[in-house]
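Below, chain A is the first sequence line, B the second, and so on; all start at residue 1. Note that this is a predicted model, so its numbers are computed, not measured.
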Amino acid sequence: MSSNDETIERFTSRGYEAGFYTDIEQEFAPPGLNEETVRFISAKKGEPEWMLEWRLEAYRGWLEMAMPTWQNVRFPPIDFQAISYYAAPKQGPGSLDEVDPKLLETYERLGIPLHEQKMLAGVEEGGEEGGSGASGVAVDAVFDSVSVTTTFKEELAQHGVIFCSISEALRDYPELVRRYIGTVVPRKDNFFAALNSAVFSDGSFVYIPEGVTCPMELSTYFRINAGHTGQFERTLIIAERGSSVSYLEGCTAPQRDENQLHAAVVELYAHDDAQIKYSTVQNWYPGDENGKGGVYNFVTKRGMCAGKRSKISWTQVETGSAITWKYPSCVLKGDDAIGEFYSVAVTRGYQQADTGTKMIHMGRNTRSHIVSKGIAADRAQQSYRGLVKVLPTAANARNYSQCDSMLIGSECGAHTFPYIDIQNSSAQLEHEATTSKIGDDQIFYCKQRGISEEDAVSMIVNGFCKEVFQKLPMEFAVEAQKLLEVTLEDSVG
Amino acid sequence: MLKIQNLQARIEEAEILKGIDLEMGQGEVHAIMGPNGSGKSTLAKILAGDESYAVTGGGVALEGEDLLAMEPEERARAGLFMGFQYPVEIPGVSNSYFLKAAVNAARQARGEAEIDPVSFLKLARERAQWVQLDESLLNRPVNAGFSGGEKKRNEIFHMAMLEPRLAILDETDSGLDIDALRAVADGVNRMRSPERSFLIITHYQRLLNYIVPDHVHVMVNGRIVRSGGKELAEELERTGYALFDDEEAA
């Protein structure tokens, strides 16, 4: 018995490894939201006038909008006036040598290499299949409201790739930003997108020129540090004709008793024959075992397959957050465009997740593929919500959807809400859904063969998620697998 | 090898084992027979460590060690194997991956190095042959979508891979056609050795035509009411269990 207790003790005390706080001098906007807040943020960033106007328009739109109520998650009303919309380390962004050592230490502790010579294991040994000649991972590190540094910028520039914070992009490439921002997720798309458009403070910007295969993985690491602040980041990725890029985001936050709001917008834009692969490993603080604290992760992510034969692929591993509410989507506008969505969402304790995707078929012969794996343990609730919409213009559209849920214990729940809207009779759709449970009988069977409970759970869960993990870049797949083990290991028995 | 003394157990309010005594020597094959609900499968599960049952009295020693104090996985690593009456499906986990983890857990417990993949595969192919298990089932998820016969062959295949010192087979013969029954029996007979003991739990005498036991025990209503040699099984086949119901009542 004692060995069992020790294992559980080890994992519960291990709990959330990213839950520490960095004590660093920071500059805050006073809590509250009004036009002044928007002007303050815009001024802090030294933005052009049009950007301020764009933000103010979004803010005015937001004022007239109400919180949606259709989601299958429960939380008390959010007081938007109690949140600080801007928090930044006092010292501004700069080259790596100028970054505050405390910040470097923070990222070091999180296992994010900000030193360019340091590569993530696995990449050197052959990199991604297809041999893009990847030689490392470029990282943009966003700390609360600002980007602290971006690595490998110069090397990327040699290929014409722009990878920087969105604040820098607004300064250095304003016309590019202006042409694309809000074209995929309009300012008034939804309540949180409007809020983000008004107050977003930083995020990443990626531009891949025509015909270029980005020579390395790009990644942004989001860290919420300060208390009583929201993080509102905005990411914009543009892939020109015939280009391709693989991008990954990771997220963590300190353990706090209060709920923190994270409302991001991600826009992807793919031209003819371009490919964007966007992977997320989300590990925001989920709250304690009684459901206190944790991040509200309310995010709008959408990709526009504008060009012919373009392809956008979302892969997400969601283990954190008190509430996850997001639907990475694809608008398949160009003929023969492909949209993909691969998701693993894990909820335990009192976590809630309402997540899925939307595939909007507009062009001819467009195809979409959805694989969603939901795992719920303890008292967690989880919903898959997906929309497949085929417009009259989308002749021969095809969709395949697979939604599998796994329950661990008897107090959790899994729900599936697949919506289908077909306006072209040549469309072909397939939908499969399963619900399974890690039963005591499975655990006992494994134990009888000499396999410990923790190995049994991890084996079963990894088997369940294998299909999605295979879609992640190799080194992150290993990370995701480990994260899942830490998240779930003491959840049975 | 195994010594069971006055073992009593219940599930919720129902008393199922009412004092079992049984001693097994090394290399011996014992069969426990009995009607449905006599508690024979319960005995198997308690020996394997199923926590749905509460042991309320008595004790079990495996080679002098207190078996009941051990976790199920510790019992397995100490060389106890149970073939399940209803083998469990584990979707997404391949049979060979699962077995490799099991084999390595036992090796690790003995302080041995992990088996290398090539030797493992070679061994797995050889042992699968013993029970005529289709090789394709090695790469399929554990028991998922297996036929009834394939599941039981797979249990014996697991046993052959794990090379236990004590194998408990819980109604391995139930629901098997004659070919599968032979394959299972062949697997068991191949595994018989002076070091290895078997406890075979069955409702029917049929299996014992193929696996000839050294000792037969009859269990009725939570007690072993009679023990004897292999001829006891044949007698039961003729008379049925009704006789013992009377004994129990008396």
Side-chain angles (χ1 to χ4, degrees), chain A residues 1-8 342 344 346 371-375 402-408 410 432-470 481 484-485 488-489 492-493, chain B residues 44-53 68-95 97-110 140-144 151 154-155 157-159 161-164 167-168 170:
Chain A
M1 221 37 171
S2 64
S3 73
N4 222 4
D5 291 344
E6 268 169 43
T7 324
I8 289 171
Y342 301 97
V344 168
V346 185
V371 177
S372 164
K373 304 275 182 179
I375 301 165
Q402 182 189 336
C403 307
D404 299 325
S405 308
M406 177 174 274
L407 303 176
I408 304 177
S410 51
E432 288 180 31
T434 65
T435 301
S436 55
K437 208 176 158 200
I438 297 191
D440 293 342
D441 56 340
Q442 286 176 319
I443 298 293
F444 179 61
Y445 189 76
C446 294
K447 283 180 162 182
Q448 205 302 303
R449 297 295 186 259
I451 298 165
S452 69
E453 177 159 332
E454 59 188 47
D455 288 345
V457 173
S458 119
M459 200 184 261
I460 294 169
V461 167
N462 277 309
F464 179 72
C465 303
K466 200 159 46 186
E467 214 178 331
V468 173
F469 284 171
Q470 282 166 351
Q481 202 168 325
L484 213 66
E485 280 170 20
L488 281 176
E489 216 113 47
V492 182
Chain B
K45 287 177 190 159
I46 287 174
L47 293 177
D50 189 332
E51 284 163 7
S52 335
Y53 302 90
L68 301 179
M70 293 158 84
E71 291 290 323
E73 62 269 36
E74 291 169 350
R75 301 180 195 196
R77 293 170 196 160
L80 183 146
F81 175 90
M82 182 175 82
F84 282 59
Q85 184 179 3
Y86 303 107
V88 179
E89 300 191 3
I90 308 181
V93 179
S94 87
N95 207 15
Y97 183 83
F98 176 85
L99 261 180
K100 201 174 352 171
V103 167
N104 282 332
R107 290 175 76 109
Q108 204 186 356
R110 293 195 298 264
R140 293 244 309 265
V142 181
N143 293 322
K151 281 183 182 171
N154 197 37
E155 290 294 287
F157 166 58
H158 283 192
M159 178 180 82
M161 289 299 288
L162 291 166
E163 303 177 343
I168 303 164
D170 184 12

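A salt bridge links A:Arg449 with B:Glu155: at least one charged nitrogen is closer than 4.0 Å to a carboxylate oxygen.
Neither the backbone nor the side chain of B:Ala106 comes within contact range of chain A; no heavy atom of the residue lies under 4.5 Å from a heavy atom of that chain. Neither the backbone nor the side chain of B:Gln108 comes within less than 4.5 Å of any heavy atom of chain A. Contacts between B:Leu99 and chain A at a heavy-atom distance below 4.5 Å are absent for every atom of the residue. Heavy-atom distances place no part of B:Val103 under 4.5 Å from chain A, backbone and side chain included. Interface remark: A:Cys446 contributes backbone and side-chain atoms alike to the contact with chain B (heavy atom separation under 4.5 Å).
Heavy-atom pairs under 4.5 Å with chain A were tallied for B:Asp50, B:Leu162, B:Ile90; the largest tally goes to B:Asp50. Each of A:Gly450, A:Ala456, A:Gly463 has some count of heavy-atom pairs under 4.5 Å with chain B, and the biggest count is that of A:Gly450. The candidate from B:Ala48, B:Pro164, B:Ala105 with the greatest count of non-hydrogen atom pairs under 4.5 Å with chain A is B:Ala48.
In this structure, A:Gln442 contributes its side chain and B:Glu89 its backbone to a donor-acceptor pair below 3.5 Å. Listed for the A:Lys466 side chain is a donor-acceptor partner under 3.5 Å among the backbone atoms of B:Gly92.
Heavy-atom neighbours of B:Tyr86 OH from other residues, nucleotides or ligands within 6.0 Å: at or below the threshold of 12.
Here the straight-line distance linking atom CG of B:Leu68 with atom CG of B:Leu47 works out to 8.0 Å at 0.5 Å rounding.
The aromatic rings of B:Phe98 and A:Tyr445 lie parallel to each other, with less than 30° between the two planes, well short of the 60° mark.
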